[in-house]
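Here's the structure, in structure tokens; my notes come after.
Bear in mind that the values here come from a model prediction, so they are computed numbers and not experimental data.
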Amino acid sequence: MADVFPTSSAQGVLRTAVEKSQEREQGDGAPVPEHQKGEPQHVTSQCQVSALKRRQTMSKPFTVTVHIDLMQLLLTAISLVSRTWALGLPRAAVFDELHFAKFVSLYMNRVFFFDVHPPLGKLLLALAGSYAGFEGDIKLDRIGSEFPPTVPVEILRLVPAVTGSLVVPLVYQICAELQMSRWAATMAAGFVLLDNALLVQSRFMLMEGMMIFFSCLSVMSFLKFRGLSHRSFSVTWWFWLCLTGISFTCSLSVKYTGAFTGILILYLATKDYWNMLDDLTISDSCLVKHLFVRTLALVVLPVCIYLGIFYIHLSLLTKAGPHDTAMTSAFQASLEGGLAALTKGQPLHVVYGSQITLRHTTNVGSSPCWLHSHAHVYPIRYPDSRGSSHQQQVTCYIFKDVNNWWIVKHPDRNSLVVDEKPVPVRHGDVVQLIHGITSRALNSHDVAAPVTPQNQEVSCYIDYNVSMPAQNLWRVDITNRESPTDIWQTIQSQVRLIHVNTSAAIKITGKQLPEWGFHQLEVTADRLINQRDTIWNVEEHRYTKNQGKQDQTAEVRDAELLPLEPTRLSFWAKFWELQIKMFTSKQDAEMEHKYSSQPLEWPFMARNIAYWMSPDSNAQIHLLGNIVIWSAATVSVMLYLLLGVFYYLRRQRAVYDITEAEWQHFIFVGELLVGGYLLHYLPFLTDDRTLFLHHYLPALVFKILTLAALMDHLLTIESRYVSISSLMIGGMGVLTAGAAYAFLQFLPFSFGNADLSAEDIQSLTWRESWEFLQHSRV
């Protein structure tokens with residue numbers, strides 16, 4: 001047992017090391033070498049100190065200590081009541097519940113859907129729906145549509161309501177971990193509780209409540225982990241470190257804006273490790289161990305969790321659905337039904353004489369498009385007086401159509417049918433593409449394209465017949481080939497068609513043609529061939545038989561009626577394609593909404609969002625924040641930055657208004673809270689998507705924390721001036737009273753449980769830019 005209890009000498013070393021560690025934890029917690037403080041330097045491995053501390057703890061009897069903070073408990077209870085009260089009202093789709101309820105229904109039916117945000121929040125809603133026995137029978141056509149009786153509305157809303165409620169105690173605990181006073185912690189948690197926007201966003205099937213919960217949990221966990229630096233590698237230390245990585249991964253897995261919290265934590269963790277390198281009491285081996293563990297918990301573990309979430313998502317959604325068209329042909333063919341109905345019986349290899357449809361591998365918005373031609377020709381002259389070839393139009397069409405079919409012809413043969421022994425087309429082969437209905441050859445030449453004149457026009461050669469000498473040639477370039485002799489394959493091969501005479505690749509520009517082109521999408525040829533817009537794949541494929549033209553046309557139409565049989569596509573192929581589609585989708589950019597807003601309108605809440613209105617009365621729900629809290633918190637961010645500049649300039653002049661420990665703590669709190677606010681807000685200033693007020697809510701929590709931190713700092717620094725302290729306390733009381741008054745005034749817009757008169761609505765329009773709804777009275 002001698003090795004269990006430290007010797008008195010070891011205990012002395014342990015106390016010295018722990019005391020120094022605690023000194024380093026003051027301020028921002030970054031290790032500061034003792035020799036820089038003018039004190040004797042003791043070189044003791046932090047890993048050894050942690051091990052000694054654990055041994056000393058193990059020598060004590062097993063005990064459990066429970067601390068109950070009555071104020072935190074009270075705030076949590078009030079938060080749970082306010083967020084969960086009357087969750088079933090209204091029993092109608094409130095704002096984006098229209099979409100998320102449908103996603104839950106699709107999960108229940110295992111039908112694939114596409115959304116620009118990660119799936120964790122929707123998976124949690126689906127889990128609640130499955131627990132309640134929901135079978136996915138939702139058909140909603142607009143906001144305000146009534147949910148069918150079989151939909152467990154209260155259970156589905158309970159998930160975001162509970163997670164949104166827990167933000168209040170998490171904010172309180174964050175303040176406690178930042179060494180703020182309990183009064184400051186109560187004010188911060190109380191302001192989160194009293195904010196009408198956070199209340200509304202947590203009461204419905206929406207994502208922000210869950211995302212903010214995981215974001216706050218990750219910040220609190222990081223602060224807990226950081227506060228245990230004197231107990232490195234203990235079970236508690238490991239727990240909070242791993243929970244940090246798990247929670248910020250969950251935050252970004254609900255919505256990608258949650259990634260800003262992860263970036264903030266990774267920055268602070270990296271900075272802490274950098275400061276550890278300057279601490280000579282930590283051995284090299286211990287530093288390597290710390291680096292490995294932090295990388296494992298904050299990088300490797302989050303990546304595994306993120307992949308696991310998508311694995312569950314893709315494993316559940318195995319059936320074709322209305323969102324399939326956002327994905328490539330290969331992805332669609334891997335789902336049961338839908339395009340999979342066209343894969344069985346299709347020849348795998350494209351050969352001379354094949355009939356094919358060519359689909360562009362990138363969608364235009366959320367719509368696919370296919371290479372298309374029809375009997376109409378380009379106009380002789382365009383409005384800018386440029387001339388055209390006046391040949392047959394070639395476009396990209398967003399609907400399946402008989403005019404999307406082409407025949408792959410060998411340039412040296414007159415035959416348009418497959419030989420008895422099919423000859424496959426390989427990478428680098430030269431082919432001609434003959435339009436199946438009009439029998440004209442795909443062509444390009446040095447004529448300016450109709451809408452994009454810097455590119456070449458693509459047309460069908462109007463006087464073409466199969467007996468003419470070889471011309472209108474296209475070289476097949478398989479971009480995802482594995483060898484130089486790869487065969488052109490249906491669905492799987494991604495190809496560029498390069499015009500032999502001009503070395504230009506056929507591409508889609510994404511621009512619409514005028515009325516003469518039936519507003520279909522422009523197709524051109526571009527000499528810059530290495531771009532994503534020049535890649536196509538064969539989607540539907542059949543062999544041309546030796547029969548009449550009419551029979552061929554009928555056979556083309558019949559090709560869409562083949563039986564079901566999905567093809568296989570690996571998880572990694574699906575995952576990477578889905579990631580690319582999610583990051584490149586312009587789904588949000590295409591929306592136009594009456595209640596959209598700009599980021600500069602958010603800090604002082606210049607706009608609101610109408611979420612729901614009763615069809616029978618003026619009862620309505622709006623996303624509308626507590627203007628007292630929003631305004632005061634915005635000012636506090638500015639004051640915190642100004643105060644930091646003031647301190648810094650004074651310190652440059654050797655005037656120290658606060659101690660070194662207080663300065664380091666002030667800087668760390670500013671990096672965490674002000675930095676967190678700016679990181680969650682500033683990126684939206686450059687975002688070209690359609691934005692709404694709810695995008696600001698994660699930043700709102702950080703600025704409320706900044707307000708509490710500023711008040712606490714001023715009270716701490718100025719406590720020696722009784723009159724100023726009294727003034728500060730009085731100001732906090734007035735601010736809290738004003739926030740409570742505003743919260744109560746706007747509760748009818750939070751719960752939608754009151755029929756408001758015209759006078760009531762007018763009295764609540766505190767800003768002219770706010771827009772509330774009102775039924776016309778007969």
Side-chain angles (χ1 to χ4, degrees), residues 79-102 125 140-147 151 153-165 167 192-210 212 593-597 602 605-627 629-630 692-697 700 742-767 769-776:
S79 179
L80 282 166
V81 170
S82 66
R83 269 66 174 171
T84 59
W85 179 77
L87 275 180
L89 299 176
R91 195 178 172 80
V94 175
F95 198 58
D96 278 348
E97 280 192 322
L98 178 70
H99 305 298
F100 295 121
K102 289 180 179 178
L125 293 179
L140 303 173
D141 55 358
R142 59 182 177 80
I143 295 173
S145 297
E146 291 288 327
F147 287 109
V151 179
V153 176
E154 295 88 346
I155 300 298
L156 291 174
R157 289 176 177 171
L158 188 63
V159 175
V162 171
T163 54
S165 301
V167 172
V192 171
L193 176 65
L194 294 174
D195 185 71
N196 301 78
L198 291 173
L199 170 64
V200 169
Q201 203 69 12
S202 299
R203 284 179 46 81
F204 302 104
M205 286 176 261
L206 304 172
M207 297 293 106
E208 278 71 22
M210 291 181 277
I212 294 172
H593 200 285
K594 176 183 178 181
Y595 287 97
S596 63
S597 55
W602 297 343
M605 207 182 60
R607 296 293 304 278
N608 62 304
I609 306 177
Y611 268 18
W612 171 84
M613 186 173 188
S614 170
D616 307 317
S617 68
N618 282 334
Q620 53 194 288
I621 296 174
H622 288 260
L623 185 71
L624 184 71
N626 189 315
I627 192 169
I629 296 172
W630 286 45
F692 297 91
L693 186 64
H694 60 72
H695 288 111
Y696 187 66
L697 295 183
L700 170 65
F743 174 75
L744 294 173
Q745 286 293 301
F746 289 97
L747 269 184
F749 288 140
S750 300
F751 289 100
N753 59 345
D755 183 6
L756 302 172
S757 66
E759 293 75 16
D760 294 333
I761 295 173
Q762 182 61 37
S763 67
L764 291 174
T765 308
W766 290 8
R767 297 194 63 171
S769 56
W770 293 353
E771 296 183 39
F772 300 124
L773 305 175
Q774 186 176 344
H775 283 297
S776 58

- Task: Nearest 0.5 Å please: distance from the CG atom of Leu158 over to the CG atom of Leu87.
- Result: 6.5 Å
- Task: Kindly compute the distance separating CG (Leu156) from CZ (Phe147), expressed to the nearest 0.5 Å.
- Result: 8.0 Å
- Message: Just to verify, which of Phe743, Trp85, Tyr611 counts as forming a ring-ring contact (aromatic ring centres under 6.0 Å, His included) with Phe751?
- Response: Trp85
- Item | Proximity of Phe204 and Trp612 rings by center, below 6.0 Å | no
- Only residue of Arg91, Arg203, Lys102, Arg157 satisfying salt bridge (charged side-chain N to carboxylate O under 4.0 Å, His left out) with Glu97 is Arg157
- Message: Minimum heavy-atom separation for Leu693 and Leu623, please, with both atom names.
- Response: CD2-O, 3.7 Å
- Distance from Tyr595 atom OH to Phe95 atom CZ, nearest 0.5 Å? 10.5 Å
- Item | Expected output: side-chain Ser769 to main-chain Ala606 donor-acceptor under 3.5 Å | yes
- Minimal heavy-atom distance between Ala93 and Ile143, with the atoms involved, is O-CG2, 3.5 Å
- Item | Least distance between heavy atoms, Ala161 atom then Thr84 atom | CB-CG2, 4.1 Å
- Message: Please check this pair: side chain of Asn626 against backbone of Ala197, looking for a donor-acceptor N/O pair closer than 3.5 Å.
- Response: no
- Query: Which word best sums up how the rings of Phe749 and Phe772 line up, parallel for under 30°, tilted for 30 to 60°, or perpendicular for over 60°?
  - Reply: parallel
- Query: Strictly by modelled atom types, are Asp760 and Ser757 linked by a side-chain donor-acceptor pair under 3.5 Å?
  - Reply: yes
- Task: Locate the shortest heavy-atom distance separating Glu771 from Arg607; write the atom from each residue and the value.
- Result: OE2-NH2, 3.8 Å
- Task: Decide side chain to side chain contact (heavy atoms under 4.5 Å, CB included) for Leu624 and Met605; before the verdict, give the C-alpha distance in whole Å, the side-chain angles of both, and the deciding distance to 0.1 Å.
- Result: CA-CA 8 Å; Leu624 184 71; Met605 207 182 60; 3.8 Å; yes
- Quick one: do Leu747 and Leu199 satisfy side chain to side chain contact (heavy atoms under 4.5 Å, CB included)? Show the steps, please. CA-CA 10 Å; Leu747 269 184; Leu199 170 64; 4.0 Å; yes
- Task: Carefully, step by step, assess Asn608 and Phe746 under the rule side chain to side chain contact (heavy atoms under 4.5 Å, CB included).
- Result: CA-CA 12 Å; Asn608 62 304; Phe746 289 97; over 6 Å; no
- Can you tell me if His694 and Gln201 form a side-chain donor-acceptor pair at under 3.5 Å? no
- Item | Gap separating the CD atom of Gln774 from the CD1 atom of Ile761, nearest 0.5 angstrom | 4.5 Å
- Message: Tell me the closest heavy-atom pair linking Pro748 and Leu756, and the distance in Å.
- Response: CB-CD2, 4.0 Å
- Give the C-alpha distance, both sets of side-chain angles, the deciding distance and a yes or no for side chain to side chain contact (heavy atoms under 4.5 Å, CB included) between Leu198 and Ile212. CA-CA 10 Å; Leu198 291 173; Ile212 294 172; 3.9 Å; yes
- Message: Using only atom types and a distance under 3.5 Å, with no angle test, would you say the side chain of Asn196 pairs donor to acceptor with the backbone of Gly625?
- Response: no
- Task: Would you name the heavy atoms of Ser202 and Arg83 that are closest together and state the gap between them?
- Result: CB-CG, 3.8 Å
- More than 12 heavy atoms of other residues, nucleotides or ligands under 6.0 Å from CD of Glu146: is that the case? yes
- Message: For the CE atom of Met613 and the CG atom of Leu773, what is their distance to the nearest 0.5 Å?
- Response: 5.0 Å
- Sidechain-backbone polar pair: His775 side chain, Asn618 backbone, donor-acceptor under 3.5 Å: no
- In terms of ring plane angle, is the pair Trp770 and Trp766 parallel, tilted or perpendicular, where the classes change at 30° and 60°? parallel
- Message: For a 4.5 angstrom cut-off between non-hydrogen side-chain atoms, does Trp602 reach His695?
- Response: yes
